[in-house]
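Working notes, beginning with the structure itself.
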2 protein chains.
Amino acid sequence: MDAVLQALADPSRRTVLEILRRHPATAGELAAALPIARPGVSRHLRVLREAGLVDVRQDAQRRIYALRPEALAGVDQWLEPYRALWQNRMDALHTEVARGKRERK
Amino acid sequence: MDAVLQALADPSRRTVLEILRRHPATAGELAAALPIARPGVSRHLRVLREAGLVDVRQDAQRRIYALRPEALAGVDQWLEPYRALWQNRMDALHTEVARGKRERK
DNA sequence: GGTCAATGTACCCTTGTGGTTACGTACCCA
DNA sequence: TGGGTACGTAACCACAAGGGTACATTGACC
């Protein structure tokens with residue numbers, strides 16, 4: 001999952017995911033939506049592909065990229081133990097007026 | 001939240017968070033747990049601090065770092081729309097034998 | 001005040017990353 | 001088969017990132 005977090009660090013790559021979340025797209029379409037030239041996008045797509053975040057399907061000369069959302073499940077899982085913590089804090093914040101601190105460690 | 005995802009890209013920094021998830025720690029303790037020298041850790045800690053992921057409290061010469069899990073809520077939120085997607089896929093996978101494809105787009 | 005302990009910062013160096021232009025390649029169509 | 005289209009890859013370049021060593025700083029303690 002290291003590769004996924006690494007891939008997510010770049011804003012351009014996040015934009016690509018954002019687009020693919022709506023619908024699959026060709027490399028050209030993605031490149032048109034980004035402020036960088038096509039070869040750069042191509043390399044971003046390679047990173048995303050190697051991280052398992054996207055899938056490619058070839059249709060004649062076109063390469064159609066599609067999101068593979070399952071790849072993000074690893075991040076979600078990594079986040080899990082932290083989620084418990086910040087939610088506890090939120091709870092504490094919200095209920096702290098009404099009740100005393102029950103289960104504070 | 002960009003800064004957070006950026007910060008999460010580095011494995012050393014993730015290790016720091018992992019440690020702080022258990023208990024607060026001094027810079028020295030964190031450095032001892034990592035394969036890099038103290039100044040390097042110090043810089044990682046600065047990145048984490050600037051991303052809002054950790055808090056520092058000074059105790060004499062020691063700097064005690066503590067996790068700020070709320071900073072990760074942004075990542076969780078970013079993940080949200082994707083979560084729906086991969087969970088649908090899971091559902092589809094699991095129920096696809098029993099039922100037909102109900103709400104496939 | 002002098003010294004030790006804990007830590008951050010400055011500086012340097014090497015590597016990684018992201019961008020560009022130029023080129024190679026595969027496929028359709030005439 | 002020749003040409004246009006849609007890509008990826010190679011080569012190159014600039015800069016950011018991360019590591020190390022040396023030094024500055026701050027607080028405790030004598």
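In what follows, chains carry the letters A, B, and so on, assigned in the order in which the sequence lines appear, proteins first and then strands, with residues in each chain numbered from 1.
Comparing atom distances between the A:R63 side chain and each of D:dC7, C:dG8, D:dT9 picks out D:dC7 as nearest. Comparing atom distances between the B:R62 side chain and each of C:dA6, D:dT21, C:dG19 picks out C:dA6 as nearest. For B:S42, the listed nucleotide lying nearest its side chain is C:dG8; candidates were C:dA6, C:dG8, C:dT21. Of the candidates D:dA22, D:dA10, D:dA28, D:dA10 carries the atom nearest the A:P39 side chain, counting heavy atoms from C-beta on.
In this structure, B:R38 reaches the bases: a heavy-atom distance under 4.0 Å links it to at least one base atom across the strands shown. Among the atoms of the strands shown, only primed sugar atoms or phosphate atoms (P, OP1, OP2) are found under 4.0 Å from some heavy atom of A:R13. Note on B:G28: only backbone sugar-phosphate atoms sit closer than 4.0 angstrom, heavy atoms only; bases stay farther off.
B:D59 places its CG atom 13 Å from the P atom of C:dG8, with the value rounded to the nearest Å. Regarding A:Q58, its CD atom lies at a distance of 8 Å from the C1' atom of C:dA26, rounded to whole Å. Protein atom CZ of A:R57 is 18 Å distant from nucleotide atom C1' of C:dA26, rounded to whole Å. Atom CD of A:Q61 is separated from atom P of D:dA6 by 7 Å (rounded to the nearest Å). Rounded to whole angstrom, the span from the CD1 atom of A:I64 across to the C1' atom of D:dG8 amounts to 16 Å.
Taking only distance into account, the side chain of B:R43 meets the base of D:dG19 through a donor-acceptor pair shorter than 3.5 Å.
The backbone N or O of A:G52 lies less than 3.5 Å from a partner atom in the side chain of A:R68, making a donor-acceptor pair.
A:L72 contributes atom CG, which lies 7.0 Å from atom CG of A:L67 (distance to the nearest 0.5 angstrom). Atom CZ of A:R63 sits about 11.0 Å away from atom CG of A:D59, to the nearest 0.5 Å. How far CG of B:L85 is from CD of B:E80: 10.0 Å, rounded to the nearest 0.5 Å.
Within residues 4-11 of chain B, the residues that place at least one heavy atom under 4.0 Å from DNA chain D are, in residue-number order, B:Q6, B:D10.
Across all non-hydrogen atoms, the minimal contact from A:A31 to A:R38 is CB-CG, 3.4 Å. The heavy-atom pair separating A:I36 from A:S12 by the smallest distance is CD1-OG, 4.4 Å.
Between B:E18 and B:R14 there is no salt bridge, since no side-chain nitrogen of the basic residue lies less than 4.0 Å from a carboxylate oxygen of the acidic one.
Side-chain N/O atoms of A:Y65 include one lying less than 4.0 angstrom from OP1 or OP2 on D:dG8. In this model, the phosphate group of D:dA17 is not approached by any side-chain N or O of B:H44 to a distance below 4.0 Å at OP1 or OP2. For B:R46, a side-chain nitrogen or oxygen approaches OP1 or OP2 of C:dT9 to under 4.0 Å. Of the side-chain N and O atoms in A:T26, one or more sit less than 4.0 angstrom from OP1 or OP2 of D:dC7.
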Set out, in order, the CA-CA distance, both residues' side-chain angles and the distance that settles side chain to side chain contact (heavy atoms under 4.5 Å, CB included) for A:E29 and A:Y65, then state yes or no. CA-CA 10 Å; A:E29 289 168 344; A:Y65 285 83; over 6 Å; no
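Take the nearest nucleotide of DNA chain C for A:V41 and for B:R49: the residue whose nucleotide is more 5' is B:R49. DNA chain C is contacted by both B:G40 and A:A37; B:G40 maps to the nucleotide lying nearer its 5′ end (nearest heavy atom per residue).
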